[in-house]
Amino acid sequence: MSEDRMLVDVNREKQRVRERVWNVLDTGGATYDATAHGRIPNFVGSSAAAAALGELASWKHARVIKAVPDKAQLPVRALALSEGKTVFMAVPRLADPAPFYLLDPSALTVPPAEAAAGRVAADIAPKVGVDALRAVDVVVLGSVAVNRAGVRVGKGAGYSDLEFALLTEAGLIGDHTTVVTTVHGLQVLDEELPATTHDVGVDVIVTPEEIINCSSPHRPSGLVWEHLDAQKIASIPVLAARAPAS
């Protein structure tokens with residue numbers, strides 16, 4: 001089977017998983033939105049999950065957090081800022097030569113809980129390039145589904161994996177970095193999940209009720225260029241600047 005065909009099949013299977021989990025969440029009234037479909041679920045209990053994450057030793061020792069901008073992880077970002085941790089998150093679709101918002105807790109002009117909101121961060125935080133970032137202690141990912149081995153399914157855009165790969169190539173993510181996701185218990189599946197070599201696995205899953213440590217999750221060593229089409233590369237300045245000659 002060709003690699004292109006393999007990617008199509010994996011993506012199709014991922015979408016089946018997403019639809020199933022979104023349906024379960026909607027049926028169970030497990031999110032704050034009218035529907036979970038089409039997004040990283042803003043799950044009920046996200047604040048409790050953030051509090052549980054805050055008790056982990058890896059979190060307590062962390063000084064720099066790379067976080068997604070999704071609503072479900074807003075309590076995590078707010079907790080980090082309130083504890084004096086530096087937080088950075090990506091500009092939407094990485095569509096800027098300086099593709100990250102840098103939230104310095106010592107320079108906030110609004111309370112941490114407000115600064116942690118994506119739209120507010122876009123107004124108050126400077127945009128910076130990869131070379132302006134520091135080594136990352138904890139990466140916080142949103143998920144649609146995840147299994148106990150740490151295989152994660154996102155909403156399908158692929159930006160979290162790209163960000164992870166960029167920072168890995170820059171030496172800012174490594175063995176010292178803990179990768180976590182906060183989710184509702186209904187998002188944790190006891191089954192194999194589809195994945196490719198560019199997908200990032202998680203070390204720890206945190207739900208409002210449970211901490212799950214995952215054994216040997218997959219981490220890509222960098223960008224997998226053959227999994228990126230020309231349109232995607234051209235739409236992301238930091239990729240276009242790094243793209244290998246054809």
Side-chain angles (χ1 to χ4, degrees), residues 1 3 5-25 28 30-31 36 39-41 43 45-46 48-50 52-59 61-62 65-68 70 72-73 76 136-168 173-224 227:
M1 180 186 296
E3 188 159 23
R5 180 63 185 174
M6 180 273 293
L7 288 173
V8 168
D9 289 347
V10 169
N11 288 336
R12 184 182 295 116
E13 288 302 314
K14 285 181 179 181
Q15 189 60 25
R16 290 190 182 117
V17 171
R18 292 184 191 104
E19 295 293 341
R20 176 157 51 91
V21 172
W22 285 330
N23 285 338
V24 168
L25 292 170
T31 71
R39 66 190 79 192
I40 296 296
F43 64 94
S46 57
L53 171 58
E55 295 302 314
L56 297 182
S58 56
W59 177 270
H61 296 148
I65 309 295
K66 158 69 179 73
V68 291
D70 301 286
Q73 284 69 47
V76 176
V136 181
D137 300 308
V138 174
V139 173
V140 180
L141 298 177
S143 304
V144 174
V146 65
N147 69 15
R148 291 173 182 270
V151 180
R152 166 190 168 272
V153 175
K155 66 182 177 183
Y159 291 106
S160 288
D161 296 318
L162 288 174
E163 294 156 23
F164 191 97
L166 283 167
L167 298 179
T168 298
I173 288 175
D175 292 341
H176 67 284
T177 308
T178 301
V179 184
V180 306
T181 189
T182 55
V183 294
H184 193 279
L186 293 174
Q187 296 173 255
V188 182
L189 305 182
D190 291 307
E191 62 189 68
E192 290 190 9
L193 291 175
T196 73
T197 54
H198 70 249
D199 290 319
V200 178
V202 302
D203 299 301
V204 186
I205 303 164
V206 184
T207 80
E209 301 83 21
E210 187 177 14
I211 303 289
I212 302 166
N213 291 295
C214 308
S215 59
S216 303
H218 173 69
R219 291 193 183 188
S221 59
L223 292 161
V224 183
H227 290 186

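When atom types are taken as modelled, the side chain of Asn11 and the backbone of Val8 share no donor-acceptor pair closer than 3.5 angstrom. When atom types are taken as modelled, the side chain of Gln73 and the backbone of Thr182 share a donor-acceptor pair closer than 3.5 angstrom. Although no hydrogens or angles enter the test, the distance criterion places no donor-acceptor pair under 3.5 Å between the side chain of His198 and the main chain of Pro220. Put simply, the side chain of His184 never gets that close to the backbone of Pro208: no donor and acceptor are under 3.5 Å apart. Side chain of Thr31 to main chain of Pro41: no donor-acceptor pair is present (N/O by atom type, distance under 3.5 Å, no hydrogens or angles). When atom types are taken as modelled, the side chain of Arg152 and the backbone of Gly142 share a donor-acceptor pair closer than 3.5 angstrom.
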Q) Is there a side chain to side chain contact (heavy atoms under 4.5 Å, CB included) between Val68 and Ile40 once you walk through the steps? A) CA-CA 10 Å; Val68 291; Ile40 296 296; over 6 Å; no
Q. Are Asp190 and Arg148 close enough, and set up right, to give a salt bridge (Lys or Arg N to Asp or Glu O under 4.0 Å), and what steps lead you there?
A. CA-CA 7 Å; Asp190 291 307; Arg148 291 173 182 270; 3.0 Å; yes
Q | Worked check of side chain to side chain contact (heavy atoms under 4.5 Å, CB included) between Val146 and Val188 | A | CA-CA 5 Å; Val146 65; Val188 182; 4.2 Å; yes
Q: Evaluate the side chain to side chain contact (heavy atoms under 4.5 Å, CB included) criterion for residues Val138 and Trp59: first the C-alpha distance (whole Å), next the side-chain angles of each, then the deciding distance (0.1 Å), finally the verdict.
A: CA-CA 7 Å; Val138 174; Trp59 177 270; 4.3 Å; yes
Side-chain atoms of residues 154-166: list all donor-acceptor pairs with protein atoms under 3.5 Å, sequence neighbours left out, distances to 0.1 Å.
| unit_1 | atom_1 | unit_2 | atom_2 | d |
| --- | --- | --- | --- | --- |
| Asp161 | OD1 | Val200 | N | 3.1 |
| Glu163 | OE1 | Lys66 | NZ | 2.8 |

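Two residues are said to be in side-chain contact when any heavy atoms from C-beta on lie closer than 4.5 Å; Val204 and Ile212 fail this criterion.
Between the side chains of Gln15 and Arg18, at least one donor-acceptor pair of N or O atoms lies under 3.5 Å.
How far OG1 of Thr196 is from CG of Asp199: 3.5 Å, rounded to the nearest 0.5 Å. Thr207 OG1 to Leu53 CG: the interatomic distance, rounded to the nearest 0.5 Å, is 11.5 Å. The line from CD1 of Ile205 to CD of Glu210 is 8.5 Å long, rounded to the nearest 0.5 Å.
When the shell of 6.0 Å around CD of Glu191 is examined, it contains more than 12 heavy atoms from other residues, nucleotides or ligands. The 12-atom threshold is not exceeded at NE2 of His61, counting heavy atoms of other residues, nucleotides or ligands nearer than 6.0 Å.
The salt bridge (Lys or Arg N to Asp or Glu O under 4.0 Å) pairs that include a residue from residues 200-209 are Asp203-Arg219, where partners are two or more places apart or lie in different chains.
Of the candidates Asn147, Leu189, Val144, Leu189 is the only one forming a side chain to side chain contact (heavy atoms under 4.5 Å, CB included) with Val17.
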